[in-house]
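Keep in mind the model is a prediction, meaning the values are calculated, not measured.
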Amino acid sequence: MTTSERELTRPVDLCTADGSSLNPDARGWSRHPLHRDNLDGRFGMNKRWDYWAILAGDLVVSSLYSDVDHFGLADVYWADLVTGESGGRAIVVPHGGGIELPERAGTAPLVVDRDGLELRIADDEVGTRIAATWTERDGRAGRLDVMVELPVGHESLNVVVPWSDELFNFTSKHQARPALGELVVGDRRCTIGGTDGAESWGVLDVGRGRWPTEITWNWGGGAGRCGDHVVGLQVGGKWTAGTGFTENGVIVDGRLTKLGSELAWDYDWNEPMRPWRVVDPGGQLDAVLTPRFDKHTKVDAGPDLRSETHQVFGTWSGRLVSDDHLALEFAGLQGFAEEARQRW
């Protein structure tokens, strides 16, 4: 194993009994979600979200369901990586407006039906179903129905990133989960996975924590086949520096190799369509993302709320070495990389 980080194997509470600070026993990482989000109190500091992305060849779909104390956010987004066309629906819900997430991710449906968006994200014994209907800005009806499978034994990267006892975040990152379904926008019907569509993969980012007022992060991921193997990439940076923990790893055939080193990221914020390279100094990962599409978002709501993100989608190529010494060279993995700058 290439990390000295503490591996957890039993369920644990994220916070102390009164919810005021980080539980010392919660520091660590695991191969399956084990943390219970008991973020009680400290109103205004708590941030909870489930973010899903579907990588489906020339199509990308995503959905966010989030509670940041003062308000909730929910959306569905899609983009055609060939034409650059994009669409979807996003809503902001006032505090108490019904956006709620369970203490353990995936244990209760996430549901909202208001302001032109009906969204339901629900888990069962085989995976997660994401179903939504909405109206596009041009009046076309939108519909998404996709099942993201969770194969038996498939591992994810789960870790607590502790800036301090008062500021910390638990994240659960899932990569390389098969996806099957369809997106319909007006007269356009897009198959996700299956015999009629490109092989498709689900990505999940669970976040539960209390963040610094200002933060910048990198995140990237991807999935695809490499010979007889299914490969998933999970990489991050900046926000974990100095904490003693990372969110870095590779997944081969459902088995996680945890990378404990901070990765070296090489890209140009001002020219996001140039290649993004991510390198493990320990030699277990060297990957380059060739972008096809840049989802650039910017919000400036005053000195206390600013956000800007370049999230680029494309294909990964490179090489990896797993903990069991399997060396693979891969190309054409569907994926993404991003830099996000937040003041919240």
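Judged by distance alone, with hydrogens and angles left aside, the side-chain atoms of Ser200 form a donor-acceptor pair with the main-chain N or O of Ala198 at under 3.5 Å. Of the possible donor and acceptor atoms, one in the side chain of Asn23 sits under 3.5 Å from a partner among the backbone N and O of Asp13. Without hydrogens or angle criteria, Glu262 side chain to Thr246 main chain gives no donor-acceptor distance under 3.5 Å. Formation of a donor-acceptor pair under 3.5 Å by the Asn38 side chain with backbone atoms of Cys15 is found in this model. Under the 3.5 Å distance criterion, the side-chain polar atoms of Asp75 are matched with a main-chain donor or acceptor of Leu64. Side-chain atoms of Asp253 come within 3.5 Å of backbone atoms of Val230 as a donor-acceptor pair (strictly under, hydrogens ignored). Of the possible donor and acceptor atoms, none in the side chain of Arg208 sits under 3.5 Å from a partner among the backbone N and O of Ser172. Looking at Arg274, its side chain never comes within 3.5 Å of a backbone N or O of Trp269 through a donor-acceptor pair.
Between the OG1 atom of Thr213 and the CD atom of Gln342 there is a distance of 12.0 Å, given to the nearest 0.5 Å. The OH atom of Tyr77 sits 9.0 Å away from the OH atom of Tyr51 when rounded to the nearest 0.5 Å. Atom CG in Leu285 sits 10.5 Å away from atom OG1 in Thr257 (nearest 0.5 Å). Rounding to the nearest 0.5 angstrom, the gap separating the CG atom in Leu110 from the CH2 atom in Trp52 is 10.0 Å. Put simply, CZ on Arg6 and CG on Asp25 are 5.5 Å apart, with the number rounded to the nearest 0.5 Å. Here Arg341 contributes atom CZ and Glu308 contributes atom CD; the two are 6.5 Å apart, rounded to the nearest 0.5 Å.
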query: Could you go step by step and tell me if Val111 and Glu100 meet the side-chain contact (heavy atoms from CB on, under 4.5 Å) rule?
result: CA-CA 8 Å; Val111 180; Glu100 297 180 356; over 6 Å; no
task: Decide side-chain contact (heavy atoms from CB on, under 4.5 Å) for Lys295 and Ser86; before the verdict, give the C-alpha distance in whole Å, the side-chain angles of both, and the deciding distance to 0.1 Å.
output: CA-CA 9 Å; Lys295 180 186 179 185; Ser86 63; over 6 Å; no
message: side-chain contact (heavy atoms from CB on, under 4.5 Å), that's the test. Do Leu81 and Gln334 meet it? Break it down for me.
response: CA-CA 11 Å; Leu81 303 187; Gln334 301 178 57; over 6 Å; no
- prompt: Between Leu59 and Phe313, does a side-chain contact (heavy atoms from CB on, under 4.5 Å) hold up when you go through it step by step?
  reply: CA-CA 10 Å; Leu59 175 71; Phe313 294 90; over 6 Å; no
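The residues Arg306 and Asp300 are annotated as not salt-bridged, no charged nitrogen and carboxylate oxygen being separated by less than 4.0 angstrom. A salt bridge links Glu7 and Arg31; the closest N-O separation between the charged side-chain nitrogens and carboxylate oxygens is under 4.0 Å. Salt bridge Asp165/Arg27: present, at least one basic N to carboxylate O contact under 4.0 Å.
A salt bridge (charged side-chain N to carboxylate O under 4.0 Å, His left out) check over residues 107-127, counting only residues at least two apart or in different chains, returns nothing. Note on residues 132-150: pairs passing salt bridge (charged side-chain N to carboxylate O under 4.0 Å, His left out), not counting sequence neighbours, are Glu85-Arg140, Arg129-Asp145, Asp138-Arg140, Arg143-Glu182.
Looking at every heavy atom in both residues, Tyr65 comes nearest to Gly98 through OH-O, 3.6 Å. When all heavy atoms of Trp78 and Val185 are compared, the pair lying nearest together is NE1-CG2, 3.7 Å. Pairing each heavy atom of Leu14 with each of Phe170, the nearest pair is CD1-CB, 3.9 Å. When all heavy atoms of Phe336 and Trp316 are compared, the pair lying nearest together is O-CZ2, 3.4 Å. Smallest separation of non-hydrogen atoms from Pro162 and Phe245: CD-CD1, 3.6 Å. Between Ile54 and Ala179, the closest heavy-atom pair is CG2-CB, 4.0 Å.
A single hydrophobic cluster is seen to contain both Leu326 and Val250, as judged by linkage of ILVMFWY side chains at heavy-atom distances under 4.5 Å, directly or through other members. Under the 4.5 Å side-chain heavy-atom criterion for ILVMFWY residues, a single connected hydrophobic cluster contains both Trp239 and Trp29. Cluster membership check: Val206 does not share its hydrophobic cluster with Ile251, using side-chain heavy-atom separations under 4.5 Å among Ile, Leu, Val, Met, Phe, Trp and Tyr. Hydrophobic clustering, with ILVMFWY side chains joined whenever heavy atoms are under 4.5 angstrom apart, groups Leu233 together with Leu328. Both Phe71 and Met45 belong to a common hydrophobic cluster when Ile, Leu, Val, Met, Phe, Trp and Tyr are linked at side-chain heavy-atom distances under 4.5 angstrom.
A search for side-chain hydrogen bond (donor to acceptor under 3.5 Å, both in side chains) contacts involving Thr191 returns nothing, not counting sequence neighbours. Partners of Asp69 by side-chain hydrogen bond (donor to acceptor under 3.5 Å, both in side chains), not counting sequence neighbours, listed by chain and number: Asn46. Take Leu150 and apply the side chain to side chain contact (heavy atoms under 4.5 Å, CB included) test, not counting sequence neighbours, and it matches His154, Arg177. A search for side chain to side chain contact (heavy atoms under 4.5 Å, CB included) contacts involving Gln234 returns Leu157, Lys173, Gln175, Trp219, Glu247, not counting sequence neighbours.
Residues Trp344 and Ile215 have side chains in contact (heavy-atom distance under 4.5 Å, counting atoms from C-beta outward). Under the 4.5 Å side-chain criterion, counting only non-hydrogen atoms from C-beta, Ile130 is in contact with Leu119. Between Thr171 and Asp205 there is a side-chain heavy-atom pair separated by less than 4.5 Å. Side-chain contact check for Arg292 versus Val60: every heavy-atom pair is 4.5 Å or farther apart. Side chains of Ile192 and Leu144 form a contact here, defined as non-hydrogen atoms less than 4.5 Å apart. Looking at Leu8 and His35, their side chains come closer than 4.5 Å, going by heavy atoms from C-beta outward.
Side-chain N/O atoms of Ser21 and Glu166 include no donor and acceptor closer than 3.5 Å. For the residue pair Ser66 / Lys47, no side-chain donor-acceptor distance below 3.5 Å is found, with atom types taken as modelled. Checking Asn158 against Ser156 by side-chain atom types alone, a donor-acceptor pair falls below 3.5 Å.
The one candidate from Val112, Ile99, Val76 that meets the side-chain contact (heavy atoms from CB on, under 4.5 Å) condition with Ile91 is Val112. Results of the side-chain contact (heavy atoms from CB on, under 4.5 Å) test with Tyr267 over Glu339, Glu338, His310 single out Glu339 as the only residue that passes.
Few gaps surround CZ on Arg343; more than 12 heavy atoms of other groups in view lie less than 6.0 Å from it. Within 6.0 Å of CD in Glu329 there are 12 or fewer heavy atoms belonging to other residues, nucleotides or ligands.
In this pair, His70 and Phe43 present their aromatic rings perpendicular. The plane angle is above 60°, beyond the 30 to 60° band. A perpendicular orientation is assigned to the rings of Trp265 and Trp276, their planes being inclined by more than 60° (bins at 30° and 60°).
The ring of Trp217 has its center closer than 6.0 angstrom to the ring center of Trp211.
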